[in-house]
Structures are given as structure tokens and as C-alpha cells.
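FYI, side chains are in, hydrogens and waters are out, and symmetry mates aren't considered; it's all heavy atoms of this structure. Each chain gets a letter, A, B and so on, in the order the sequences are listed, and its residues count up from 1.
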There are 2 protein chains.
Amino acid sequence: MLSKKTQYAFHALTYLAENQDKGPVLISEISEERKISLKFLENILLELKKSGILGSKKGKGGGYYLIKPPEEIGLAKIIRLLDGPIALLPCVSLNYYERCENCQEEICGLNVVMSEVRDNTLKVLENKSLKDVLRKH
Amino acid sequence: MLSKKTQYAFHALTYLAENQDKGPVLISEISEERKISLKFLENILLELKKSGILGSKKGKGGGYYLIKPPEEIGLAKIIRLLDGPIALLPCVSLNYYERCENCQEEICGLNVVMSEVRDNTLKVLENKSLKDVLRKH
DNA sequence: TTATTAGTCTATTAAAATGGTAGGGAATAT
DNA sequence: ATATTCCCTACCATTTTAATAGACTAATAA
């Protein structure tokens, strides 16, 4: 399951996408609109900024904004950033690979199946963007 | 990511499948062969027994054994049992559904995408069995 | 220049989950 | 009867998660 952190990130990002025309949006506005603890949200937005997904502006008229258009922000990237690996086992993770302890990959059948799961998952997440998860009106 | 608990469960189950002919297998044997803490493994096997995947026998000559042939033990069931939901969001979980707080499912785009991820994942996990993850020799 | 606004940063905390341990108790075979 | 082996309950340490606090810095407007 995705952590609250990641879920909140999606909330915030879709809110920003839906309000792109308004220029920078206040953390507090997102916090109120999407019912997310203000301080927790601060951390999340900062993280998204540091990883190059968001831009920010301080002072009056400031706030956060998307740097790229929503269709260029992939879902897999967001999840990896805040939640870590998407794969179900470290030994089949593309971005967070770690050898399994006590397990010989060469003869491990789980490895094969979990790679397949990963590929199926990524087929969706890498080809869908923020644009695909905006609210439907 | 799957928890150690689930990973150990797969270790134990494949070991049991590979040694079905030997009759009941000692916890201690599995523990040694697959390098899993004995006491932790006890808990896991007990859980698998209670959910009807394993049988056991006490006393001399006792141990654990598979109740059904490996090809009838689905991977999704094992994961759900020890790790809970397979879906990435509570609101798209088939077996552990919960409404998301602060989110209107009807207009939520994430819901749609995450349902697709779930379906893709289950397509693999529900159609693969223990037999498919045995060691390849 | 000063007050205000708004993001930045570091640290802390409470609660839950994870991974593992301890030690009897109960059933069974010899 | 006794050795063997699983059963059961409780406990513990560590890590992760979710959230909070508060001081600091940068930008803007009066």
C-alpha cells in the first residue's frame, strides 16, 4: 500500500495541476482544500521541490507550482520518490535493487514471477501521468 | 515490498513442496535449510496452518506438510494472508476495501489507475501457484 | 527600512508495524 | 513415562510512519 505521504503528494499535485492558471498556490490552501495536516504537507512539498517536480516562490504572492505540464510528470517517479521501491522484492527492483539474503537468484522461482508483476505494474505507472489522475468533472 | 514474514513463508512453502515425499518436515529443518529464525518461523507456519494451507503433526515423526498439491496454492492468497492488501490504495482493494478519507471516489482519477495496477498484478499472482515458484534445477 | 508574508530547515514525538525472542503447554509416538 | 514436536501467549527492540514545533530565511509591499 502507498503511504499517506505518497497519497497526500498525489492530492497536492493534482490540486496544483487543477489550479495551474492561478500561479503559485499556498501550502495552506492545499492543506485546507485537501484536508492534509499543514506541517506534514510542508515537508512533502519541499521534498517534491528538491527532486525537481515543483517550483516555489516565497513572500507575498508566493506558493508552490508545477514546473512541468501534468502530462510530463509520471506516476512511477512520484511513488519511487516518496515510497521507495515499486517492486515486491528487493531482488527484482530496478531502482532499489538489493540481493536477497539466503536466496540464490539464479534458481529462485519467485524472482521470475515477481519480475513479471513488476513489469505489469510499471507498464501502467510509467505510462500514466499526473494528467491521467486529475479529478473527473 | 513484501515483508520478511511473507518472504519467509514462501521459503518455507517451497521447501515443503520440494520435500513433499518425505512426509512431515521439522520446523527446525526448514529454519536451518532456509536460514530463518526458528521462533519467527514457528509463528509463520502456525499462521499458515490456521488458514488451511498447511497441516501438522506433533510428537516424534511430526512436522509440517502441505495439505494441497503446490499447483493449487495460489500466490495471491499467501501474500494476502501474511501481508494484507495487494492493492496500492485501500479504496481499490478487493479483499481489504476501505473508503479513502478526504477523497471522493466518484471523481478520483487515482482510483481508476490504481484499479488497473491491481488488475495487472492480480492477473499474475492469482494465476501462479507455489508450483511456479519452486527452485529451478 | 520595516512589517508581513510565505517557504525552509532541523529536531522531536507518539503510535504503529516489523522482526524477533521466551517459555511453558498440549499432543503424540515409543 | 518420557522424549519429541508443534501450540500458544506474551513480550521486546527497532524501525517506520505520521505528525508537530519552532526558529530561520527570502521576497515583497508599505
Reading nucleotides 11-22 of chain D from the 5' end, what letters show protein touch, with B for base, S for backbone sugar-phosphate only, - for no heavy atom under 4.0 Å?
-------SBBBB
Spacing of L54(B) atom CG relative to dT5(D) atom P, expressed in whole Å:
18 Å
Euclidean distance, atom NZ of residue K49(B) to atom P of dA27(C) [Å, nearest integer]
11 Å
Counting any heavy atom closer than 4.0 Å, what does L26(B) reach on the DNA or RNA strands: base, sugar-phosphate only, or nothing?
sugar-phosphate
Separation of atom CD in Q7(B) from atom P in dG20(C), rounded to whole Å
10 Å
Is a salt bridge present between E116(A) and K123(A), judged by a nitrogen-to-oxygen distance below 4.0 Å?
no
For M114(B) and L2(A), which heavy atoms make the closest approach, and how far apart are they?
CE-CD1, 3.9 Å
Review item, side-chain donor-acceptor pairs of residues 24-33 of chain A, under 3.5 Å, at least two apart:
from: E29(A); atom 1: OE2; to: Y15(A); atom 2: OH; distance (Å): 2.5
from: E29(A); atom 1: OE2; to: K22(A); atom 2: NZ; distance (Å): 2.8
from: S31(A); atom 1: OG; to: I36(A); atom 2: O; distance (Å): 2.8

From CE of M1(A) across to P of dA16(C) the rounded distance in Å is 16 Å
Measure from CG on L46(B) to P on dA26(C) and round the result to the nearest Å.
15 Å
Going by side chain to side chain donor-acceptor pair (under 3.5 Å), name the pairs with one or both residues in residues 65-79 of chain A, residues two or more places apart or in two chains.
none
I30(B) CD1 - dC6(D) C1' separation (whole Å):
12 Å
Smallest separation among heavy atoms of L130(A) and A17(A), with atom names
CD1-CB, 4.3 Å
Rounded interatomic separation in angstrom, taking NE2 from H11(B) and P from dG19(C)
13 Å
Look at all strands and tell whether I27(B) reaches a base, only sugar-phosphate, or nothing, counting heavy atoms closer than 4.0 Å.
sugar-phosphate
According to salt bridge (charged side-chain N to carboxylate O under 4.0 Å, His left out), who are the partners of R80(A), at least two apart in sequence or on a separate chain?
E126(A)
Scan for salt bridge (charged side-chain N to carboxylate O under 4.0 Å, His left out) pairs involving residues 37-65 of chain B, sequence neighbours excluded, and state none if there are none.
K5(B)-E47(B), K39(B)-E42(B)
Do R118(A) and S93(A) have side-chain atoms, one donor and one acceptor, less than 3.5 Å apart?
no
Determine, for nucleotides 25-30 of chain D in 5'-to-3' order, which nucleotides have protein heavy atoms under 4.0 Å from the base (write B), from only the sugar-phosphate (write S), or from neither (write -).
BSBS--
Rounded to whole angstroms, how far apart are OH on Y65(A) and P on dA6(C)?
15 Å
Euclidean distance, I78(B) CD1 relative to L48(B) CG, rounded to 0.5 Å
7.5 Å
